[in-house]
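Small disclaimer: the values here were computed from a predicted structure and weren't measured. Start at 1 with the first residue, then count along the sequence. Every heavy atom of this structure was used, including side-chain atoms; hydrogens, water molecules and symmetry mates were not.
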Amino acid sequence: WFIIGLKWWQFRRLRWQGDRFFAELERTTRLKDAYHAVMKLPPSPYNRIFREGLNFFSELRPGALRQEVQVAGATLSMTQLEALKMVLGKEVAAERDLMARFISWLATIGSVSPLLGLLGTVLGVMDAFIGIASKGSGNISAVAPGVAEALVTTVAGLGAAIPAVIAYNLFVNRLGLFAGELEGFANEMIGTMAREGLL
């Protein structure tokens with residue numbers, strides 16, 4: 001339950017950061033203005049990718065973002081453009097991996113909890129049968145309490161597994177949407193550079 005609460009809070013905060021970032025980005029018309037505007041926001045995956053992409057671009061073409069009029073023929077080569085795409089792809093993968101932390105634990109909990117519950121049930125039933133053998137009574141009133149007590153572990157295992165599996169599927173879906181949004185943003189950033197004549 002702690003992992004479910006933590007990931008829910010992280011994805012909720014991420015959505016808020018994304019809305020704020022894109023709202024700030026839409027207020028600007030040029031890339032260099034956007035850079036100054038979004039860097040005032042709290043750190044988020046969006047402004048980290050934006051910063052890394054523009055920093056790498058600035059290393060390839062020093063001063064390009066400060067010039068109002070672009071120098072003719074001063075575009076990036078295909079190799080440099082591919083390198084920029086690779087840097088943005090690496091940043092997207094790093095942010096996706098950071099958000100994926102602990103999600104795999106939910107899958108593990110979802111698959112192992114019923115088995116632990118079953119183990120407890122088997123041990124409980126064995127204990128009930130040992131009690132029957134020692135008392136020498138095999139009627140239903142002697143067997144039922146021990147078996148009922150043994151089934152508590154199965155219920156506990158399923159009680160942990162069902163929410164974990166549901167949360168795992170939900171968070172994997174959200175993680176996919178998040179990664180797709182970051183990849184789309186990275187491609188849009190390259191498109192904006194091309195539109196402004198920076199590439």
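Put simply, Ile103 and Trp8 are part of the same group of oily side chains (I, L, V, M, F, W, Y) that touch within less than 4.5 Å, one to the next. Cluster annotation: Val112 is not connected to Val152 through the hydrophobic network of ILVMFWY side chains, with a link wherever side-chain heavy atoms come within less than 4.5 Å. Phe102 and Ile109 fall within the same hydrophobic cluster, defined by Ile, Leu, Val, Met, Phe, Trp and Tyr side-chain heavy atoms under 4.5 Å apart, directly or through other members. No path of Ile, Leu, Val, Met, Phe, Trp and Tyr side chains, each step under 4.5 Å between heavy atoms, connects Val155 with Leu158, placing them in separate hydrophobic clusters. In the hydrophobic clustering of ILVMFWY residues, with side-chain heavy atoms under 4.5 Å counting as a link, Leu25 and Trp16 come out apart.
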Requested in this report: With side-chain contact (heavy atoms from CB on, under 4.5 Å) as the test, would you mind laying out the steps for Arg20 and Leu41 before giving the verdict?
Outcome: CA-CA 8 Å; Arg20 192 168 173 197; Leu41 297 175; 3.6 Å; yes
Requested in this report: List the steps and the verdict of side-chain contact (heavy atoms from CB on, under 4.5 Å) for Val165 and Asn169.
Outcome: CA-CA 6 Å; Val165 170; Asn169 290 325; 3.8 Å; yes
Requested in this report: Apply side-chain contact (heavy atoms from CB on, under 4.5 Å) to the pair Asn55 and Tyr35, showing each step before the final yes or no.
Outcome: CA-CA 10 Å; Asn55 286 345; Tyr35 180 80; 3.6 Å; yes
Report task. Just do the side-chain hydrogen bond (donor to acceptor under 3.5 Å, both in side chains) check on Glu95 and Tyr46 with the steps written out, would you? Result -> CA-CA 9 Å; Glu95 294 296 339; Tyr46 305 98; over 6 Å; no
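Rounding to the nearest 0.5 angstrom, the gap separating the CG atom in Leu6 from the CZ atom in Arg101 is 9.0 Å. Here the CD atom belonging to Glu24 is positioned 13.0 Å from the CG atom belonging to Asp19, to the nearest 0.5 angstrom. Considering CZ of Arg30 and CZ of Arg195, their distance stands at 9.0 Å, rounded to 0.5 Å. We find the CZ-CZ distance between Arg96 and Phe178 to be 10.0 Å, quoted to the nearest 0.5 Å.
No side-chain heavy atom of Trp105 sits under 4.5 Å from any side-chain heavy atom of Tyr168. Between Ser44 and Leu14 there is no side-chain heavy-atom pair separated by less than 4.5 Å. Side chains of Pro45 and Phe21 form no contact here, defined as non-hydrogen atoms less than 4.5 Å apart. Side-chain contact between Lys85 and Ile190 is present, with at least one heavy-atom pair separated by less than 4.5 Å.
By the 30° and 60° cut-offs, the orientation of the rings of Phe171 relative to Phe11 is parallel.
Under the 4.0 Å criterion applied to side-chain N and carboxylate O atoms, Arg15 and Glu181 are assigned as salt-bridge partners.
Leu54 approaches Met189 most closely through the heavy-atom pair N-CE, 3.6 Å. The shortest heavy-atom contact between Pro163 and Trp1 is CG-CZ2, 3.6 Å. For Gly120 against Thr153, the heavy-atom pair with the smallest separation is C-OG1, 3.2 Å. For the residue pair Val92 and Ala179, the shortest heavy atom distance occurs at CG1-O, 4.2 Å. Nearest heavy atom pair, residue Ile4 against residue Ala167, reads CG1-CB, 3.6 Å. Scanning all heavy atoms of the two residues, the minimum distance from Ser113 to Ala160 falls at OG-CB, 3.7 Å.
Partners of Glu91 by salt bridge (charged side-chain N to carboxylate O under 4.0 Å, His left out), not counting sequence neighbours: none found.
The environment of Met39 atom CE is dense: over 12 non-hydrogen atoms of other residues, nucleotides or ligands sit within 6.0 angstrom. Crowding of Gln17 atom CD: a count of heavy atoms from other residues, nucleotides or ligands under 6.0 Å exceeding 12.
Looking at Asn47, its side chain does come within 3.5 Å of a backbone N or O of Pro42 through a donor-acceptor pair.
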